[in-house]
Protein chains: 2
Amino acid sequence: MGGFDQMFSGTRAAQVVGISYRQLDYWARTDLIRPSGADASGSGSRRLYTYRDLLELKIIKKLLDAGIRLESVRDVFTYLRDHVDTDITSAHIVINGSSVLLCDGEDLIDVLRGGQGVLNVLPLSGVRDEVDSNIISLQTESPAPTQRAINS
Amino acid sequence: MGGFDQMFSGTRAAQVVGISYRQLDYWARTDLIRPSGADASGSGSRRLYTYRDLLELKIIKKLLDAGIRLESVRDVFTYLRDHVDTDITSAHIVINGSSVLLCDGEDLIDVLRGGQGVLNVLPLSGVRDEVDSNIISLQTESPAPTQRAINS
DNA sequence: TTGCGTACTGACAGCGGTGTAGTTACCTCG
DNA sequence: CGAGGTAACTACACCGCTGTCAGTACGCAA
């Protein structure tokens with residue numbers, strides 16, 4: 001799947017990730033996740049989301065589906081962006097109160113064993129697969145317009 | 001700590017657990033957790049919470065503190081009460097979507113390794129300790145009234 | 001350039017959860 | 001029994017999030 005250079009409109013991004021446009025809009029307006037390709041610039045303009053944006057959107061959705069409050073998800077992403085530079089598709093995200101780790105293997109088990117509070121553990125193994133799969137199936141159902149590399 | 005036969009008023013229960021009375025009241029009214037000793041029967045009446053109620057309240061608080069939505073916590077407790085009979089102070093609560101497990105040791109690691117969605121893991125090791133400790137310290141600050149076995 | 005499609009925008013409603021404050025009535029003590 | 005303290009009750013406000021709908025204006029194809 002060589003979708004790294006693809007750009008996705010707001011509408012398409014919401015479809016791929018499986019959220020409502022309203023949610024996407026609200027998250028962008030309230031700075032949870034803004035489109036990296038192009039931000040909105042008024043009525044009728046187009047947001048452009050990168051492939052990496054879509055992965056992040058999917059992670060947010062998974063956390064919400066797991067019952068995490070959006071307000072907590074905000075804290076998680078703020079922390080992640082300030083402290084974690086590595087590729088977000090590796091391993092597991094482990095949320096321990098206000099700290100967030102990326103770990104796997106024995107590290108993961110250590111964290112688990114050492115915990116006193118609630119841990120939220122999100123395996124990232126399926127995130128990319130699901131996004132890729134949705135990009136393809138939606139492309140089949142409603143192909144992108146003529147212009148290259150824009151999914152809208 | 002031989003508090004198993006103790007009864008706690010609503011006010012005291014909220015103090016011990018570290019929540020507002022408003023929260024406790026709302027949770028009781030909306031059936032998240034009702035007092036097992038005695039339910040409210042009108043203005044001026046007294047709720048009575050058992051020690052086990054306090055443990056459950058504490059678990060709820062810990063889940064909320066971890067950013068879990070109250071609505072999700074409701075689902076967890078509904079499931080727990082329907083499916084899990086064992087002593088709730090053992091091991092770890094593992095929430096996997098809409099299913100909830102109590103497990104520890106290798107079971108815990110198996111669940112973790114097999115997961116595709118987000119897991120919420122709550123170690124129960126400290127719950128009893130914290131509740132006990134708070135019962136004692138609050139008893140010292142503001143002792144129970146003369147009537148025996150009622151903490152109010 | 002024009003016209004159409006539609007993405008963004010703004011407004012408002014509804015819901016859940018929590019805080020605040022006043023009222024009612026129970027409970028306990030003297 | 002009566003009085004006082006206070007727990008339960010009720011009302012309402014506020015906030016965050018999500019859904020719905022109508023208006024505005026951008027973007028693209030002809």
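The sequence lines fix the lettering, A, B, ..., with proteins before strands; numbering per chain opens at 1.
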Item checked: 4.5 Å side-chain heavy-atom contact, A/Val111 and A/Val121 ->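 No; the side chains remain at least 4.5 Å from each other.
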Next item on the list: Could you check whether B/Thr30 gets within reach of a base, just the sugar-phosphate, or nothing at all, counting any heavy atom under 4.0 Å?
Entry: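 B/Thr30: no heavy atom of the nucleic acid under 4.0 Å.
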Notebook entry, point to check: Quick one: do the B/Thr78 and B/Asp75 side chains pair a donor with an acceptor below 3.5 Å?
Noted result: no
Check: Do B/Thr30 and B/Arg74 have side-chain atoms, one donor and one acceptor, less than 3.5 Å apart?
Finding: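 Note: B/Thr30 and B/Arg74 side chains meet the donor-acceptor criterion.
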Expressed in angstrom and rounded to an integer, what is the separation of [X] atom [atom1] from [N] atom [atom2]?
X	N	atom1	atom2	answer
A/Asp75	D/dG16	CG	C1'	14 Å
A/Asp31	D/dC17	CG	P	12 Å
A/Arg34	C/dC8	CZ	C1'	13 Å
B/Asp25	C/dT20	CG	C1'	13 Å
B/Leu64	C/dG19	CG	P	11 Å
B/Ile68	C/dG17	CD1	P	14 Å
B/Leu48	D/dA8	CG	C1'	13 Å
A/Gln23	D/dT18	CD	P	5 Å

Notebook entry, point to check: Is it true that A/Arg128 and A/Asp132 have a side-chain N and a carboxylate O under 4.0 angstrom from each other?
Noted result: no
Check: Should the pair B/Glu56-B/Arg81 be classified as a salt bridge under the 4.0 Å nitrogen-to-oxygen rule?
Finding: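 Answer for the salt bridge query: yes.
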N or O in side chain of [X] less than 4.0 angstrom from [N] OP1/OP2:
X	N	answer
B/Tyr26	C/dG17	yes
B/Ser41	C/dC26	no
A/Arg29	C/dG10	yes
B/Arg47	D/dC9	yes
B/Trp27	C/dG17	no
B/Arg22	D/dC12	no

Can you tell me which nucleotide in [options] comes closest to the side chain of [X]?
X	options	answer
A/Arg46	D/dG27, C/dT18, D/dT10	D/dG27
B/Thr11	C/dT18, D/dA8, D/dA7	D/dA7
B/Tyr21	D/dG19, C/dA7, D/dA8	D/dA8

Next item on the list: Output yes when a side-chain donor or acceptor of B/Ser72 lies under 3.5 Å from a complementary backbone atom of B/Ile68, and no otherwise.
Entry: no
Item checked: First encountered from the 5' end of DNA chain D, between A/Ser45 and B/Ala40 -> B/Ala40
Note to self: Return whichever of A/Ser20 or B/Tyr49 has its heavy-atom-nearest nucleotide of DNA chain D closer to the 5' end.
What the structure shows: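 Its nearest nucleotide lies further toward 5', so the answer is B/Tyr49.
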Check: Which residue lies toward the 5' end of DNA chain C, B/Ser43 or B/Glu71, if each is placed at its nearest nucleotide?
Finding: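 Closest to the 5' end, via its nearest nucleotide, is B/Glu71.
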